[in-house]
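A short worksheet on the structure shown next.
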Amino acid sequence: NDSAAVSLINENGRNKIDVIQKDLNFTNNDEVQKAIFEYTKGISFSKDSITLSSLYNKIGYCNFKIKKYDLALQNVNQSIQFNTKNIEAFNNRSTVLKALNDSIYTLNDSKKTKEIVDSNGSYYCNLGIKYFQVKDYIKAMDNFAKSISLSINPVNLSLSYENRGYCFLALKNINSAISDFNNAIKYNDNDAIAFMGRGLAYQKLKEYSKAIDDFTSALHDNVNYGQAYSERGYVYEKLFEYAKAKDDFVKAIDRKSVV
C-alpha cells in the first residue's frame, strides 16, 4: 500500500540542487568535488537547521571519500551543531575518527548514536516503513510498536498507528487494524490514508455503510484520492447502487486509479 511511502524530512531547496545520495559510489575525485560544490551551494540558500545539518554531513562524507579526514571531521561537527540528533552525522563522525585512530571518541559517538536511536520514535517509524515496503509485516509492526511507545509527537503517533493498521490489514487481523486506524485518526483527524485503511477494513467485514463513510472522509481530506473513489464505487456496486458506482469509477479512472 502507498501509505508507507512517507518522508519525515522535507529539505528546503531540494528542487534547486542535484542531491547526490550518500550511498552513491563516486568513480573519481572530480565527481566528489562536484558533489561538494552542489551541497555547498545548497547551504547558501538553506535556512532551517535540519537541512543545514544534512548538507554539512554530506560534505563531510565526500571529504571522507577523498581522504581529507580533518576537513571531514570539521564538516560533520558542523552538521551535529545544527542537529544534535542527526544519527547519520554521528555515524559518519565515528567513521572519520576511526580513520584518524581516535578510538575514545569513536566509542563515545557509537554510544551517542545508540542513545539517539533508543529515544527517537521517528527512527523506528521509518524503519517500520522500510520493512512494510518489503512486506515483512511482523518486523514492521515491532518497529511501529517501539515508535508508538517512544513518541510524543501526534504526527508521528498517527503515522505509526496508521502504518501498523495496514500491517494488520495485510495479515487479515481486521479488528486490530480498525483499532489502530481509530488511534491514527484520533491523533490526526485529517489523515486521509487512515480513513482509507479503516474503510477497507469495514469493507472486508461487509459493514458497507461504515466503509462508504470512511472513503467519503478520505475524499474530504484529499479530493483527488483515486483509490477512495474506486473502493467506494466497488461498495456502491455491492449495494446495487450502480449510478453512484459508475460515477465513482469514472472519477477513479480520471485520476488514473485502477478500478
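Positions are given from 1, in the same order as the sequence printed here. No experiment lies behind these values; they were computed from the predicted model shown.
Atom OH of Y234 has 12 or fewer neighbouring heavy atoms from other residues, nucleotides or ligands inside a 6.0 Å radius.
Side-chain atoms of D247 do not come within 3.5 Å of backbone N or O of A243 as any donor-acceptor pair. Looking at S158, its side chain never comes within 3.5 Å of a backbone N or O of V155 through a donor-acceptor pair. Checking side-chain atoms of T95 against main-chain N and O of N91 turns up a donor-acceptor pair under 3.5 Å. For the pair N222 (side chain) and A218 (backbone), a donor-acceptor distance under 3.5 Å is absent.
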Worked verdict on Q74 versus N63 for side chain to side chain contact (heavy atoms under 4.5 Å, CB included)
CA-CA 10 Å; Q74 178 182 331; N63 279 318; over 6 Å; no

Could you walk me through whether L100 and D70 pass the side chain to side chain contact (heavy atoms under 4.5 Å, CB included) check?
CA-CA 8 Å; L100 291 170; D70 288 332; 3.9 Å; yes

Test ring-ring contact (aromatic ring centres under 6.0 Å, His included) on F181 and Y166 and set out the steps.
CA-CA 8 Å; F181 290 132; Y166 276 99; 5.1 Å; yes

For a side chain to side chain contact (heavy atoms under 4.5 Å, CB included) check, start with the C-alpha distance between F249 and K246, then their side-chain angles and the critical distance, and finish with the verdict.
CA-CA 5 Å; F249 289 149; K246 179 182 176 181; 5.6 Å; no

Dump the intermediate steps for salt bridge (charged side-chain N to carboxylate O under 4.0 Å, His left out) on D248 and K244, then the final yes or no.
CA-CA 6 Å; D248 273 356; K244 290 182 178 179; over 6 Å; no

Walk me through it: do L73 and L97 pass the test side chain to side chain contact (heavy atoms under 4.5 Å, CB included)?
CA-CA 8 Å; L73 182 60; L97 289 169; 3.9 Å; yes

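The distance from the CZ atom of F195 to the OG1 atom of T216 is 10.5 Å, given to the nearest 0.5 Å. The CG atom of L127 sits 8.0 Å away from the NZ atom of K146 when rounded to the nearest 0.5 Å. Put simply, NZ on K58 and CG on N92 are 10.0 Å apart, with the number rounded to the nearest 0.5 Å. Note that CE of M141 is 11.5 Å distant from CZ of F132, once rounded to the nearest 0.5 Å. Expressed to the nearest 0.5 Å, how far CD1 of I212 lies from CD of Q203 amounts to 9.5 Å. A distance of 12.5 Å separates CG in D189 from NZ in K186, rounded to the nearest 0.5 Å.
Note on Y229 and L200: same hydrophobic cluster, where clusters join Ile, Leu, Val, Met, Phe, Trp and Tyr whose side-chain heavy atoms are under 4.5 Å apart, directly or indirectly. Linking Ile, Leu, Val, Met, Phe, Trp and Tyr residues whenever their side-chain heavy atoms come within less than 4.5 Å leaves I178 and L157 in two separate clusters. Under the 4.5 Å side-chain heavy-atom criterion for grouping Ile, Leu, Val, Met, Phe, Trp and Tyr, Y124 is not connected to I148 through any hydrophobic cluster. Using a 4.5 Å cut-off between side-chain heavy atoms of Ile, Leu, Val, Met, Phe, Trp and Tyr, with links allowed through other members, F64 and L71 fall into different hydrophobic clusters. Linking ILVMFWY residues whenever their side-chain heavy atoms come closer than 4.5 Å, directly or via other members, leaves Y187 and F144 in distinct clusters.
Using a 4.5 Å heavy-atom cutoff, the side chains of K98 and Y69 are not in contact. Looking at heavy atoms from C-beta onward, S179 lies in side-chain contact with N183 at the 4.5 angstrom threshold. At least one side-chain heavy atom of I129 sits less than 4.5 Å from a side-chain heavy atom of L159. V32 places none of its side-chain heavy atoms less than 4.5 Å from the side chain of Y61. S46 has its side chain within reach of L52: a pair of non-hydrogen atoms, C-beta onward, lies under 4.5 Å apart. Using a 4.5 Å heavy-atom cutoff, the side chains of Y56 and Y39 are not in contact. Using a 4.5 Å heavy-atom threshold, the side chains of N175 and L205 count as touching. Using a 4.5 Å heavy-atom cutoff, the side chains of K204 and L169 are in contact.
Shown here for G165 and A177, the closest heavy-atom pair between the two residues is O-CB, 3.4 Å. In terms of heavy-atom proximity, L219 sits nearest to Y225 at CD2-O, 3.5 Å. Considering every non-hydrogen atom in both V223 and R255, the closest pair reads O-NE, 3.4 Å. Between A184 and E162, the shortest heavy-atom contact is CB-N, 3.7 Å. Heavy-atom minimum distance, V96 versus A72: CG2-CB, 4.0 Å. Taking both residues in full, the closest heavy atoms of A211 and V235 are given as CB-CG2, 4.4 Å, listed atom of the first, atom of the second, then distance.
A donor and an acceptor atom, one from each side chain of N57 and N86, are nowhere located under 3.5 Å apart. If you check the side chains of S147 and S160, you find a donor sitting under 3.5 Å from an acceptor.
You'll find the ring centres of Y137 and Y131 outside the 6.0 Å limit.
Salt bridge K34/E31: absent, no basic N to carboxylate O contact under 4.0 Å.
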